[in-house]
Amino acid sequence: MTLAISIEASADVPIHRQIYEGWQRGILSGRFAAGGRLPSTRELALTLAVSRSTVTQAYEQLIAEGYLQAIRGSGTFVCRELPDRSPNVSGAAKRRPKAVLCAPLSRYGAGLLQDYPRDARLPGFINFSQWGPDREQFPWKIWRRYLWHHLRHVSHEVFDYAEQVEGYDPLREEISKHVSRFRAVNCTPSQVIVVNGSQQALDLCARLLFERGDKVAVENPGYPGALRTFEAYGAMLQPVPVDHDGIVCRDLPDSARVIYVTPSHQYPTGVSMSLHRRLELLAEARRQGAVIIEDDYDSEYRYSGSPLPSLQGLAENVPVIYCGTFSKVMFPGLRIGYLIVPETLVAAFVRAKRLADNFTPVAEQIALKDFIADGHLERHIRRMRRLYGGRREVLLESLRRHLAGAATVYGDAAGMHAFVRIDDKAVGERAKRNKVQLQSAQNCFLGGTHSDHYLFAFAALTERAIRGGIRRIGCR
Ligand SMILES: Cc1ncc(COP(=O)(O)O)c(C=O)c1O
């Protein structure tokens, strides 16, 4: 139990009485839970800078009145049954539910409660809203070995405040090689900033790239995690439709300060932005003087054709901030992502990162660097690409079979989820009845009702679970 009482030496009330009342109030209000252990008389006397006998006097009185119980050899604990004869509490008062304190939320805070829900996992349900990769398939043995290796002899890099807020240098180098090779990103290691997942990358962009009231163009439908973050910093969101080539450039607003896109695998529709659309977008951003945020969250999983080069790699005379993550190719609990920013912006991003959370934990960064450098990441991605490709096929096949005519699948053969419109009002009810957890895509849309659009995350489900789940929601 942490110490949460205080005394006032100059008060008229004797110190032992103040200690007694401090504990009594805490116990009666429920702040000190039944069964909780108190500090020893010696510890408390030292902390409060009073004599031990003063503390003992207060404890003895609380024990005598039935608030505390001393167990020889173990310590002093809050009694599970409190005394009824307490002068401060009647039986009715003890039964009264605790008052709920209400702090007024900002308009933004209240809005989040309305439109940024997160469904709890329903036990026993086949869950199509699990966003992570497959947990069982990750090479835990190898990962554990790297982590242990660096924790065995704890270095100052692992223990101390990091000297380099921008990330562990050798990891920044590996990331720079990885994205240059696989995403045709044009960068040096000095442009890489390691962050806690790409969600933090988006947050830092929002802090640094626009003023309150500035126009930020976003895909509609789009990634709610980005939209709500930009709103938190006062962006005036400008929804822009998406077609089969990606964001529709002719519908971009004039004078957008920032344009946020997910070109490799548009979230949520799954469309890959065509090359001519990429070039058009870059030209438009250049004309408007806008910064592009390229969120490349799951580009590693592409099941047919070769991936198009990143916008960042194609850009000339347009600032593009590239956001990547290890949440999909490793696991989301790792919380490591990265930003690749133009040289001129590095200093500002580093300072904003320091203010946000100082730095990203270093032990995992060191282990990750070794994991990548020894070729495990590439191997793992290759294996998962095959596995998820198969799961995606099973999903599409099952939708065709059990929801024929009702289900329309959008997007390309890529990523870890499918965006599906289901023209069957009873599907939600069948899902609930047959224990299938679906994920509505409603909160990806800025305006309008889209209750017939769903996201099916398939990477974490076995082929059997996918087949079974779709059969259960199917109409045949
Ligand atoms: C489009 C998009 N961007 C960013 C993220 C954030 O990922 P993380 O913070 O885990 O790196 C996600 C997570 O699913 C996503 O779908």
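Both ligands and their constituent atoms are indexed starting at 1 by order of listing. All heavy atoms count here, side chains included; hydrogens, waters and symmetry mates do not. Numbering of residues begins at 1 and proceeds along the displayed sequence.
- The pair Lys328-Asp298 does not count as a salt bridge, with every side-chain nitrogen at least 4.0 angstrom from each carboxylate oxygen.
- For His453 and Phe419, the distance between ring centers is under 6.0 angstrom.
- Near Asp295, with a cut-off below 4.0 Å to any heavy atom, the atoms of ligand 1 are 1 (C), 2 (C), 3 (N), 4 (C).
- At a threshold of 4.0 Å, the pair Asp254-Arg287 counts as salt-bridged, since one of the basic side-chain nitrogens sits closer than that to a carboxylate oxygen.
- When the heavy-atom distances from atom 8 (P) of ligand 1 to Ser198, Gly225, Gly222 are ranked, the shortest goes to Ser198.
- Nearest residue to atom 9 (O) of ligand 1 from Gln200, Arg335, His265 is Arg335 (criterion: closest heavy atom).
- When only interatomic distances are considered, the shortest N/O to N/O separation between Gln199 and ligand 1 falls below 3.5 Å.
- When only modelled atom types and interatomic distance are considered, Thr360 and Lys353 share a side-chain donor-acceptor pair under 3.5 Å.
- Residue Asn196 has no N or O atom closer than 3.5 Å to an N or O atom of ligand 1.
- Polar contact with ligand 1: present for Thr325 (N/O pair, distance under 3.5 Å).
- Counting the atoms of ligand 1 from 1 in the order shown, those under 4.0 Å from a heavy atom of Gly197 are 9 (O), 11 (O).
- Ranked by closest heavy atom to atom 13 (C) of ligand 1, the top entry among Tyr260, Tyr223, Tyr338, Trp131 is Tyr223.
- In the model, Asp412 has no side-chain atom that pairs as donor or acceptor with a side-chain atom of Tyr303 under 3.5 Å.
- Protein heavy atom in closest approach to atom 14 (O) of ligand 1: Lys328 NZ, 2.8 Å.
- Here Ser327 has side-chain heavy atoms under 4.0 Å from ligand 1, and that is the only part of it that gets that close.
- The local environment of CD in Glu343 is crowded, with over 12 non-hydrogen atoms from other residues, nucleotides or ligands closer than 6.0 Å.
- Under the 4.0 Å criterion applied to side-chain N and carboxylate O atoms, Glu397 and Arg401 are assigned as salt-bridge partners.
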